[in-house]
Structures are given as structure tokens and as C-alpha cells.
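Contents: one structure, followed by commentary.
Here is how names work: the chains are called A, B, and so on, in the same order as the sequence lines, proteins then strands, and each is numbered from 1.
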Amino acid sequence: MLDPQLFRSDLESVQVELKRRGIDFDAKSYTSLEERRKSVQVKTQELQNERNLRSKSIGQAKAKGEDVQPLLDQVQGLGEQLKAAETELSSIQGEMKALMEGLPNILDADVPAGNDEEDNVEISRWGDIPQFDFAVKDHVDLGALNQGMDFEVAAKITSARFVALKGSIARLQRAITQFMLDTHTDVHEYSETYVPYIVNADSLYGTGQLPKFADDLFKINANSDLYLIPTAEVPVTNIVRNEIVDAKDMPLKMVAHTPCFRSEAGAYGRDVRGLIRQHQFEKVELVQIVKATESEQAHEALTQHAENILQKLKLPYRKVLLCAGDTGFSSTKTYDLEVWLPAQETYREISSCSNFKDFQARRLKARWRNPETGKPELVHTINGSGLAVGRTLVAILENYQTESGDIKIPDVLQAYMGGLEKISIV
RNA sequence: GGAGAGGUGGCUGAGUGGCCGAAAGCGGCGGUCUUGAAAACCGUUGAAGGUUUAUCCCUUCCAAGAGUUCGAAUCUCUUCCUCUCCGCCA
């Protein structure tokens with residue numbers, strides 16, 4: 001949610017900023033709605049004030065034992081007037097809220113113009129692209145070779161876009177997860193956090209998935225308002241919903257490993273093969289809750305923390321700054337980390353690190369108390385994948401394959417694999 | 001799952017229709033005293049919004065939502081949550 005004060009003080013710049021997102025904001029109808037809001041709110045509050053004063057005088061008269069009937073006659077009709085005004089006000093406020101929550105965050109000044117991923121800007125590259133003197137296999141074929149990755153059996157158990165992992169591949173996924181968690185807690189000083197995998201609608205509203213993106217979510221059943229989490233961002237960020245965080249506890253740095261569930265109706269047709277786009281996948285998520293003055297710096301740091309994982313795994317990657325059209329609804333600025341996949345001969349997204357500034361915090365009512373003013377201020381929220389575990393598994397299988405079909409185990413993971421140096425396919 | 005008791009400010013806790021945004025205590029902040037600190041004493045201390053923007057003033061908020069009433073923290077209904085006992089269970 002954007003700051004309503006900004007709309008009142010500088011509507012023109014809001015219009016200009018939203019234009020960068022390709023949104024033609026109708027300032028005229030907003031202004032007329034806002035004027036109605038103002039006049040109806042003032043009128044409602046005046047009526048409430050009158051009711052309060054008259055009720056008080058009735059109480060005082062009664063206490064003195066006076067006849068209150070004349071006073072009661074005077075307030076006749078006031079209740080209905082008030083009710084009508086309150087109803088009108090809440091309907092205007094509802095309209096206003098619907099308008100506001102449909103608007104995306106304002107983009108950071110250095111987000112490049114553009115419509116889609118074609119216009120994203122590469123910031124840096126890391127690592128040497130591996131050269132193979134044999135025909136490389138993709139992760140689906142590699143997984144099939146040692147029967148560690150089974151899409152057919154998952155389709156039987158559930159449906160398409162699920163996977164079953166077995167044996168050393170399943171263990172490798174667990175090793176990747178453990179390595180990421182240990183690095184983020186021990187080296188990057190995040191606090192390990194365990195959260196529910198099912199959240200309520202209020203939480204999804206707080207981080208911005210609802211009301212706009214309900215189609216991407218798995219709802220538990222028709223009668224409840226509970227959903228499977230699409231990312232750990234939702235439960236972890238909602239820890240601070242309706243809270244005023246102590247200054248001494250800032251910044252909050254949390255890391256959580258969870259499965260993620262995405263329905264993504266309409267996403268079929270792309271990445272149908274393999275592990276890249278699944279309804280259920282594992283992810284290690286980094287979340288920071290920071291002061292407004294520190295968020296840009298924290299965003300850079302968090303992105304570096306995700307990069308460190310790729311570097312320790314010696315996986316070549318590049319860092320891109322998303323353009324206006326590709327930046328998510330709630331984000332002001334997003335870096336994607338894209339890992340090299342030899343079979344596709346391309347970089348594919350493996351992490352997305354975003355600074356939401358106060359956009360989520362305003363919805364969440366997440367604040368901290370500034371000791372300088374003594375007043376609560378909205379926090380800034382930042383999160384990023386550190387990393388998507390399934391896609392990391394894909395990247396390791398493909399980048400560490402050998403001609404014989406063995407998969408070498410990256411150095412940093414060997415301890416988590418019982419000292420194993422490679423996975424044999426036979 | 002069954003039975004019962006509850007949800008009040010940062011915390012503990014009083015308040016069963018009007019003088020209650022809410023006693024008291026703790027904590028926090030400011031001050032007096034002290035070389036300094038502690039203790040003691042005095043004062044102060046919720047959030048959101050409207051209007052003004054220098055104050056003032058006004059509205060809303062006692063788990064959430066609806067209702068009764070001139071008037072609701074207080075009465076009624078619904079939902080959520082917590083605790084105790086029983087049952088079941090990793």
C-alpha cells in the first residue's frame with residue numbers, strides 16, 4: 001500500500017511514478033473520491049461528537065434525578081442521520097481502499113525502463129562458464145540415470161509438476177539446504193526461524209499476495225481462509241504484523257527453510273520439463289526488517305548473502321537489475337540472481353532479492369519505535385531467496401556432471417554428504 | 001474431540017450501562033537529592049485518523065465482527081484465540 005499522504009500532497013508525482021509501471025492513474029476520479037471522503041468524514045465526526053455530548057448530558061441529568069424525556073426527544077432522528085453518514089463513509093473508505101491496494105509500489109529511481117525480462121540490466125557476472133568436451137545432459141536425464149528424480153511416480157501420487165527424489169539426489173537436496181542454513185546463520189548472522197506452512201488471509205494480505213494474486217495460491221478448502229504458503233516470505237514477514245519492534249532488536253534478520261506451494265494457474269506452457277517450475281519446491285528465504293534509513297544498504301547486503309552461496313558452490317551466475325515491467329507488485333527494486341545452466345546454455349533465475357521499503361509494512365502495520373522521536377515509524381522489509389533449493393540442485397547436477405555420468409559433489413557440500421565426493425549413477 | 005474459565009495500555013491487573021482512553025502497581029522517560037550511582041520523592045508516559053499545522057479541538061480503538069441503547073470495555077449474537085481438566089496422539 002502506498003502512502004495516502006503522498007496522494008494528498010503530491011498527486012502529480014504519484015501519477016508520473018505509476019506511469020513508469022505502465023499504469024494510467026486516473027487522478028480526476030481519485031480527487032473527487034477524496035473530496036467526498038473528506039466532507040463525509042468531517043460530517044460523520046461532527047454527528048458523532050453531537051451524539052456524545054447529548055448522551056453525556058442525558059447521563060448527568062439522570063444522575064441528578066431530572067426528567068430526561070425532553071432531552072431524549074431532542075436526540076430523536078440523530079441516530080438515523082449518524083447511521084446514514086457512517087454507512088456512506090465506510091462505503092467511500094471501502095472504495096478508496098480497493099483503489100489503493102490495487103496499486104503497485106513506486107519504483108526506485110535507478111530501476112531501468114522496460115516491459116519484460118528482455119529489458120533487465122545485467123549488473124555483474126561471476127564464475128567461469130564450464131566447458132564440456134562431451135554432450136551435456138540436462139538435469140532430467142541425469143536424474144533419470146540413477147533413478148533419483150522421478151516425475152512419473154509423483155504424477156501418479158499427485159499430479160503433474162511434482163517430483164519424487166530418491167537416494168543420493170534426495171540427500172543432496174537436504175545437504176544443499178543444510179549448507180545454506182548454516183552459512184546464513186553462522187556467517188551472515190541471520191536467526192534461524194521455523195514457521196507454519198499454512199497461513200491465513202490476513203498474512204497474505206500483509207505481504208501483498210492478496211487480494212490481487214489469489215489464483216497463484218493453493219487454498220486449503222473452500223470454507224476456511226487458510227492457504228499453503230507460496231514462499232516463506234509470508235509467514236516470516238508477518239511475524240512483525242501489528243507489532244512495534246524495540247529499537248534494540250533492529251534490524252531483524254531471519255532465515256527460514258520451507259517448502260513453497262504455487263498454483264500459478266496459466267503458467268503452463270513454459271518450463272514444462274523438469275524441476276524448474278513445480279507446484280511444490282524447497283526454498284531458503286532471507287528476510288530483513290530494518291529502519292527506513294538502512295534499507296537500501298541492507299538490500300545490497302542481503303543480495304550479497306545470496307551471492308555468497310553461489311560463490312561457495314562455485315556456480316557461475318549473473319546479477320541482473322529488473323526493469324520496470326519485470327519488477328514485482330510490492331517491490332521498489334529487485335535484483336535477480338541467475339545461475340548458468342549448461343544444458344540450456346543460458347542463465348536462469350535462482351534468487352530474487354527485493355526491497356519493499358514501507359509498502360508491506362503499511363499493510364502489515366509493522367513499526368519500530370524511534371528513540372529519537374519516541375514515535376512508532378514504519379519499518380522497511382527486504383527479502384530474497386538464499387537460494388531456491390530445487391533450482392540449486394538442478395544447477396549442481398548440470399554444472400558438476402562428468403562424461404561418465406557421475407556428478408561431482410561441490411567441496412562445501414561433501415561434509416553434508418557423509419564425505420562423498422561424487423554421486424555415481426550405477 | 002468433550003467439559004469449564006477467560007481475552008482490558010509495554011507488562012501485571014481493577015473496572016458489569018453514563019463522571020472510563022480506562023484505577024493501582026511494575027517498567028520507560030524527565031526532574032529533585034548525590035562527587036557519581038542506587039534508594040526515596042515529584043512529574044510524565046498508548047495507537048490510528050480528521051482538522052489545523054503553532055497549539056488547541058474532534059473522532060475511532062478494551063481479541064475481531066455484528067446487534068441492543070440517547071449512551072457499551074460493561075448487555076446479546078457470531079468468529080478467532082488462550083488457559084484448566086478429560087480423551088486421543090508424534
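Taking the C1' atom of each, B/rU12 and B/rG67 are spaced 33 Å apart, rounded to whole Å. Separation of the P atoms belonging to B/rU76 and B/rU68 is 15 Å when rounded to the nearest angstrom. Comparing B/rG49 with B/rC81, their P atoms sit 29 Å apart, to the nearest whole Å. B/rG9 and B/rC62 are spaced 10 Å apart, taking the P atom of each and rounding to whole Å. Taking atom C1' on both nucleotides, B/rA40 is separated from B/rU34 by 12 Å, rounded to a whole Å. Nucleotides B/rA47 and B/rC29 are separated by 16 Å at their P atoms, to the nearest Å. A distance of about 28 Å separates the P atoms of B/rC20 and B/rC77, rounded to the whole Å. Nucleotides B/rC19 and B/rA37, compared at atom P, are 44 Å apart to the nearest Å.
One can place CG of A/D202 at 12 Å from C1' of B/rG65, the figure rounded to the nearest angstrom. Protein atom CD1 of A/I198 is 16 Å distant from nucleotide atom P of B/rC80, rounded to whole Å. Distance CG (A/L82) to C1' (B/rU60): 12 Å, rounded to an integer number of Å. In this entry the distance linking CG of A/D225 with P of B/rC80 reads 10 Å, nearest Å. Rounded to whole Å, the distance from NZ on A/K365 to P on B/rA63 is 17 Å. Protein atom CZ of A/R369 is 14 Å distant from nucleotide atom C1' of B/rC11, rounded to whole Å. For A/K43 and B/rG50, the NZ to C1' distance is 16 Å, given to the nearest whole Å. Distance NZ (A/K248) to C1' (B/rG27): 12 Å, rounded to an integer number of Å.
Looking at A/E50 and A/Q81, their side chains never bring a donor and an acceptor atom within 3.5 Å of each other. In summary, the side chains of A/S55 and A/N52 do not present any donor paired with an acceptor at a separation below 3.5 Å, with no hydrogens or angles considered.
Checking B/rC85 for Watson-Crick or G-U wobble geometry (two distances, each under 3.5 Å) identifies B/rG2 as its partner. Pair assignment for B/rC80: B/rG7, on the basis of Watson-Crick or G-U wobble contacts that are both within less than 3.5 Å. Base pairing of B/rU44: its partner is B/rG28, meeting the Watson-Crick or G-U wobble criterion (both donor-acceptor distances under 3.5 Å). Pairing for B/rA73 is absent, judged as Watson-Crick or G-U wobble with the two contacts each under 3.5 Å. Nucleotide B/rA23: unpaired (no Watson-Crick or G-U wobble partner with both distances less than 3.5 Å). B/rC57 is paired with B/rG50 under the Watson-Crick or G-U wobble criterion, all donor-acceptor distances under 3.5 Å. Base pairing of B/rA14: no nucleotide in any strand meets the Watson-Crick or G-U wobble criterion (both distances under 3.5 Å).
The residue among A/Q41 and A/T44 whose nearest nucleotide of RNA chain B is located toward the 5' end is A/Q41. Remark on RNA chain B: of its neighbouring residues A/V42 and A/K375, the 5'-side contact belongs to A/K375, judged by nearest-heavy-atom nucleotide.
Residue pairs meeting the salt bridge (Lys or Arg N to Asp or Glu O under 4.0 Å) criterion with at least one partner in residues 196-212 of chain A, sequence neighbours excluded, do not occur; the list is empty.
In this structure, of B/rA48, B/rG50, B/rU59, it is B/rU59 that holds the atom nearest to the side chain of A/N49.
Residue contacts for A/Q5: at a heavy-atom cut-off of 4.0 Å it reaches the sugar-phosphate backbone alone, with no base atom in range. Residue contacts for A/R362: at a heavy-atom cut-off of 4.0 Å it reaches no nucleic acid atom on any strand shown.
A/R20 has a carboxylate O that lies under 4.0 Å from a charged side-chain N of A/E17, or vice versa, which qualifies the two as a salt bridge. Using a 4.0 Å cut-off between a side-chain N of Lys or Arg and a carboxylate O of Asp or Glu, A/E34 and A/R37 qualify as a salt bridge.
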query = Can you give one letter per nucleotide of nucleotides 67-75 of chain B, going 5' to 3': B for a protein heavy atom under 4.0 Å from the base, S for sugar-phosphate only, - for none?
reply = -S-BS----
task = Would you check, one step at a time, whether the test salt bridge (Lys or Arg N to Asp or Glu O under 4.0 Å) holds for A/K19 with A/D24?
result = CA-CA 6 Å; A/K19 188 79 193 165; A/D24 281 314; 2.5 Å; yes
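Counting only heavy atoms from C-beta outward, the side chains of A/L18 and A/L103 approach each other to under 4.5 Å.
Using cut-offs of 30° and 60° on the angle between ring planes, the pair A/Y416 and A/F179 is perpendicular.
Applying the side-chain contact (heavy atoms from CB on, under 4.5 Å) test between A/Y190 and each of A/V284, A/V287, A/T183, A/L302 identifies A/L302 as the sole match.
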